[in-house]
2 protein chains.
Amino acid sequence: MSGHSGNTPCELCASRKFSLFSDLPEQHVCTISDNKNLISHKKGQILYYEGTKPLGIFCINSGVVKIYKTASNGKEQIIHLSQKGDFLGYSALLGEENYTNSAMIVEDAKICFIPKEAFLTTLSSNTPFFKRITKALSHELGVMEEKLTDATQKSIRERLAFVLLQLGNSYGVEGGESQKIDLVLSREEIASMVGTATESVIRLLSEFKKDNLIALEGKRIVIKDRRGLARLSDFYA
Amino acid sequence: MSGHSGNTPCELCASRKFSLFSDLPEQHVCTISDNKNLISHKKGQILYYEGTKPLGIFCINSGVVKIYKTASNGKEQIIHLSQKGDFLGYSALLGEENYTNSAMIVEDAKICFIPKEAFLTTLSSNTPFFKRITKALSHELGVMEEKLTDATQKSIRERLAFVLLQLGNSYGVEGGESQKIDLVLSREEIASMVGTATESVIRLLSEFKKDNLIALEGKRIVIKDRRGLARLSDFYA
DNA sequence: TAAAAAGACTGACATATATCATAAGAATCC
DNA sequence: GGATTCTTATGATATATGTCAGTCTTTTTA
């Protein structure tokens with residue numbers, strides 16, 4: 001179901017302004033552009049598997065991708081969701097190791113593949129760009145430390161409330177008081193983000209609904225009370 | 001209780017071979033060396049606090065430092081332990097943000113402080129070195145993903161067994177069949193590494209002891225059955 | 001469009017682990 | 001060296017959450 005669908009040059013790519021390529025000089029954008037390859041992906045497709053060797057990096061033009069690890073009990077833990085402008089797989093490339101996680105399309109996506117060489121060449125010849133990448137990497141590390149701390153110190157209810165708020169921030173469409181999360185995730189996927197059992201998510205979501213914190217609109221979740229969720233997400237805040 | 005205790009040049013530093021400075025050319029080692037400052041720290045001292053601005057990086061010459069985050073419930077989560085040769089605080093510096101965690105001395109330490117400028121200058125003028133730092137950063141990110149997955153998908157018992165094995169790897173002194181963890185940690189600190197309550201650690205440790213997986217030698221833990229712990233640490237492995 | 005498969009939901013139940021309380025030892029302090 | 005504080009230990013108890021089982025609903029397939 002994948003296929004090349006034309007090859008808009010990076011110079012004209014609307015997603016570029018959201019990406020780490022945003023202020024790359026013309027010359028380097030061209031190097032990248034000449035080598036990249038835009039591919040369309042359908043929901044459910046795998047972009048790469050944990051344990052395999054990275055051959056380049058991915059830059060999301062549109063769509064949503066989940067980055068996850070498969071635990072030894074077979075369950076998956078979603079590390080984060082990526083969307084337009086996000087880079088994927090550069091950490092494995094820079095770490096010179098195989099992928100430490102897997103990537104699966106959550107919402108139909110158009111994604112550019114940039115071969116290792118083009119990326120690394122640009123990196124080496126452009127220190128500011130290299131620094132920006134490293135900065136992103138460092139930031140992600142801090143985020144992961146936060147996630148680890150939350151995972152060990154917060155309850156499932158708190159974590160679910162927090163995940164909903166984050167989804168609201170990233171995929172929310174404002175509508176007066178409420179905010180609709182414009183992204184379809186299965187209960188199982190939400191559970192994988194929170195790090196819990198699917199049934200627990202279902203139960204807690206209906207509880208949140210009963211308490212008027214959220215509402216369901218078809219397959220989408222609408223946040224009706226951000227403040228209430230925020231209070232729930234962190235008892236001490 | 002801290003104090004300068006002479007300033008061995010990096011060129012002669014025995015810990016350097018364990019560090020990211022290991023194959024830095026003479027010229028750059030000197031730049032670093034001329035600017036650094038060796039300081040002795042006692043157990044319990046704080047190296048830096050989460051939320052404060054990094055002014056440079058630390059390189060551990062001897063001793064052990066715990067890197068931790070304080071959760072909103074007041075409990076601490078130990079992210080990892082650092083020892084000789086390890087760099088501290090470079091992630092905040094490269095991420096151009098305040099420290100996302102705190103660092104406390106766990107075992108009396110001698111630590112060099114390298115001011116921001118000297119470090120960043122070396123970085124900019126030495127791409128291979130920059131790449132090695134970035135590689136370390138990427139690797140750490142993968143480790144954190146693993147920790148997050150373990151935290152959400154494994155039981156406390158499994159995680160404690162795993163932490164003991166890791167401590168054995170990093171601080172173990174071999175003695176025939178057994179391996180003594182040559183590092184004094186309180187039960188509370190072990191709990192902070194595992195992400196659980198102190199009482200749970202105490203209970204599980206006595207259980208492990210009863211099952212002949214470990215033994216206690218004064219304040220130190222001796223691993224008597226690595227294989228048994230490994231089996232316990234991951235039911236499915 | 002009927003059948004099959006997948007997903008959402010609800011209930012019953014088991015249990016790992018947090019919390020609280022108390023006490024014994026060990027370390028620290030005047 | 002006795003008092004005080006911190007750490008380790010153990011027991012009792014509560015509960016959040018995982019697991020299993022079953023039903024209903026939606027989506028996919030043929």
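A note on names: the letters A, B, ... follow the listed sequences, proteins ahead of strands, and every chain is numbered from 1. Only heavy atoms go into these numbers, but all of them, side chains included; no hydrogens, no water, no symmetry mates.
- Cation-pi contact between B/K36 and B/F113: absent, since separation from the ring centre below 6.0 Å together with deviation from the ring axis within 45° is not met.
- Residues satisfying the side-chain contact (heavy atoms from CB on, under 4.5 Å) test with B/T196, not counting sequence neighbours, are B/I156, B/A191, B/V194, B/S200, B/V201.
- If you take CG of A/N73 and C1' of C/dA16, they are 16 Å apart, rounded to a whole angstrom.
- Here the side chain of A/I156 is nearest to one of C/dA27, D/dG18, C/dA18, namely D/dG18.
- Remark: nothing in residues 144-152 of chain A comes within less than 4.0 Å of DNA chain C through any heavy atom.
- Here the side chains of A/N101 and A/Y68 are not in contact, with every heavy-atom distance at 4.5 Å or above.
- Taking 4.0 angstrom as the limit, A/T196 places a side-chain polar atom (N or O) nearer than this to OP1 or OP2 of D/dG18.
- Considering only side-chain N and O atoms, B/K154 lies nowhere under 4.0 angstrom from the phosphate OP1 or OP2 of C/dA16.
- Dashed line: the shortest gap from a side-chain N or O of B/S200 to OP1 or OP2 of C/dA16 is not under 4.0 Å.
- Judged by distance alone, with hydrogens and angles left aside, the side-chain atoms of B/K180 form no donor-acceptor pair with the main-chain N or O of B/I223 at under 3.5 Å.
- Not counting sequence neighbours, the partners of A/S186 by the side-chain contact (heavy atoms from CB on, under 4.5 Å) test are A/E188, A/E189.
- Rounding to the nearest 0.5 angstrom, the gap separating the CZ atom in B/F18 from the SG atom in B/C59 is 11.5 Å.
- When the side-chain nitrogen and oxygen atoms of B/K219 are compared with OP1 and OP2 of C/dG25, none of them lie within a distance under 4.0 Å.
- Taking the charged nitrogens against the carboxylate oxygens, B/K69 and B/E76 have no contact shorter than 4.0 Å, which rules out a salt bridge.
- Heavy-atom nearest nucleotides on DNA chain D were determined for B/L185 and for A/L204, and the one closer to the 5' end corresponds to B/L185.
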Checklist entry - Given B/K53 and B/E97, is the salt bridge (charged side-chain N to carboxylate O under 4.0 Å, His left out) satisfied, shown in steps? => result CA-CA 7 Å; B/K53 191 179 168 185; B/E97 46 196 6; over 6 Å; no
Nucleotide N/O of nucleotides 9-11 of chain D paired with protein N/O under 3.5 Å:
unit_1 : atom_1 : unit_2 : atom_2 : d
D/dA9  : OP2    : B/R187 : NH1    : 2.8
D/dG11 : N7     : B/R203 : NH1    : 2.9
D/dG11 : O6     : B/R203 : NH2    : 3.1

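- Here C/dA18 presents its C1' atom at 16 Å from CZ of A/R157, a figure rounded to the nearest Å.
- Within the 4.0 angstrom heavy-atom criterion, no nucleotide atom of any strand lies near A/T198.
- With sequence neighbours excluded, the residues satisfying ring-ring contact (aromatic ring centres under 6.0 Å, His included) with B/Y48 are B/F58, B/Y99.
- Between A/R187 and A/E199, none of the side-chain N atoms (NZ, or NE/NH1/NH2) sits under 4.0 Å from a carboxylate O, so this pair counts as no salt bridge.
- Inter-axis angle, ends of the helix from C/dT1-D/dA30 to C/dC30-D/dG1, five pairs per end, rounded to 10 degrees: 50°.
- In terms of modelled atom types and a separation under 3.5 Å, the side chain of A/S15 and the main chain of A/N61 share a donor-acceptor contact.
- Here the P atom of nucleotide D/dT8 and the CD1 atom of B/I214 are 13 Å apart, to the nearest Å.
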